[in-house]
Amino acid sequence: MAKPSIAVHKFSSCDGCQLAFLNAGEDLLTLAGLVDISHFLEAGMDDEEAEVDIAFIEGSVSTPEEVERIHKVREKSRFLVTLGACATAGGLQALRNLDESNEDWKRAIYARPEFIRTLDHAEPIRAHVRVDFELWGCPVNGRQVLAAVRQLLFGVAPVDTRDKVCMECKRQQAVCVMVTQGMPCMGPVTRTGCGALCPRFGRDCYACFGPAENPNTAALARRLEGLGLPPADVARRFLFINSQAPAFHAQALAHYRPGFADE
Ligand code: SF4
Ligand code: SF4
């Protein structure tokens, strides 16, 4: 019997999520024995046109070429899973969506901006095609990726871990950095998946795993203001990596005003 097949496709991204997948260690070797990996450039497999059971997508849709490509990938895949913050919520590059002129950022970065061919906005994959499951994080947790592969291959809906980083801090017995050190931690509204990595090392969470289930973003924004953050900084906390996640975007806009990047 033919083994199930998977592919990992790169769109606008830094490759960090592909590397997190590769760094899953022995679990990845076990997986390699269970599936055929048709396309995974960071691992040396190159067959972008292959029809597969599961396609993982890293990166946002940011160019006209990527719009065409994501539709082709969707047609050739039974399940489509986004891999990380760029693919799931636009990623860091979606911060340019806040530049209404869509020109200032090009002039700020490129010597010859007229050569840049890009969409007006960097968008998550779900803005273009149906997505079967979303994996969050910047980067993703490799073990979560492998667990999703196993569950899909066994015909089970992958478990969506949506409770908050705060819950994980309690499980890991990590001391709360907001309560004890007054840090502007995003853990109360951020989904876990990282094992509360940052608070365990004494720093505040910056929300790289995106919104948790039922995030009370308004209450956290008031708390951040109470810790002394000006409105522009409160907006930045919500906009940073997952700016296109609706819950974070809406709360950021309550504090954001054009030109805040200069404050
Ligand atoms: S989510 Fe983060 S680590 Fe993954 S591709 Fe995007 S920027 Fe890189
Ligand atoms: S604690 Fe927050 S910022 Fe740190 S890895 Fe986890 S989700 Fe990301």
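All of these numbers come straight from a predicted model, not from anything done at the bench. All ligand and atom numbering here is 1-based and tracks the order in the structure.
- In this structure, atom 8 (Fe) of ligand 1 lies nearest to the protein heavy atom Cys14 SG, 2.2 Å.
- A side-chain contact (heavy atoms from CB on, under 4.5 Å) with Phe79 is found for one member of Asp132, Val149, Leu153 and no other, namely Asp132.
- Closest to atom 2 (Fe) of ligand 1, if we only count protein heavy atoms, is Cys138 SG, 2.3 Å.
- Near Ser13, with a cut-off below 4.0 Å to any heavy atom, the atoms of ligand 1 are 5 (S).
- Short contacts between ligand 1 and Gly16, defined as distances under 4.0 Å to a heavy atom of the residue, involve ligand atoms 3 (S), 8 (Fe).
- Each protein N/O/S atom under 2.8 Å from atom 6 (Fe) of ligand 2 was counted, for a total of 1.
- In summary, the atoms of ligand 1 found under 4.0 Å from a heavy atom of Pro139, numbered by their order in the structure, are 3 (S).
- We find that Asp163 and Arg191 are not joined by a salt bridge, their nearest charged nitrogen and carboxylate oxygen being 4.0 Å or further apart.
- Ser13 and Glu58 share a side-chain donor-acceptor pair at under 3.5 Å.
- Atom 1 (S) of ligand 1 has its closest protein heavy atom at Ala85 N, 3.3 Å.
- Ligand-side atoms of ligand 2 in range of Ala207: 2 (Fe), 3 (S), range being under 4.0 angstrom from any heavy atom.
- Ion pair Lys72/Glu49 not flagged as a salt bridge, since none of the NZ, NE, NH1 or NH2 atoms sits closer than 4.0 Å to an Asp/Glu carboxylate oxygen.
- In summary, Arg96 and Asp120 do not engage in a salt bridge, as defined by a charged side-chain N under 4.0 Å from a carboxylate O.
- Comment: Arg237 engages Asp204 in a salt bridge, judged by a side-chain N to carboxylate O separation of less than 4.0 angstrom.
- With hydrogens left out, the protein atom closest to atom 3 (S) of ligand 2 is Tyr206 N, 3.2 Å, a heavy atom.
- For CZ of Arg143, the number of neighbouring non-hydrogen atoms (other residues, nucleotides, ligands) closer than 6.0 Å is 12 at most.
- Glu123 is linked by a side-chain contact (heavy atoms from CB on, under 4.5 Å) to His121, Ala127, His128, counting only residues two or more places apart in sequence or in another chain.
- When only non-hydrogen protein atoms are considered, atom 4 (Fe) of ligand 1 lies nearest to Cys17 SG, 2.3 Å.
- The contact set between ligand 1 and Glu58, taken as ligand atoms under 4.0 Å from a residue heavy atom, comprises 5 (S).
- Ring geometry for Phe56 versus Phe21: interplanar angle over 60°, hence perpendicular rather than tilted (30 to 60°).
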Would you check, one step at a time, whether the test side chain to side chain donor-acceptor pair (under 3.5 Å) holds for Glu75 with His71? CA-CA 6 Å; Glu75 282 168 19; His71 284 281; over 6 Å; no
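- Which of Gly91, Gly90, Cys86 comes nearest to atom 7 (S) of ligand 1 through a heavy atom is settled by distance: it is Cys86.
- Using modelled atom types, no side-chain atom of Gln18 and backbone atom of Lys10 make a donor-acceptor pair closer than 3.5 Å.
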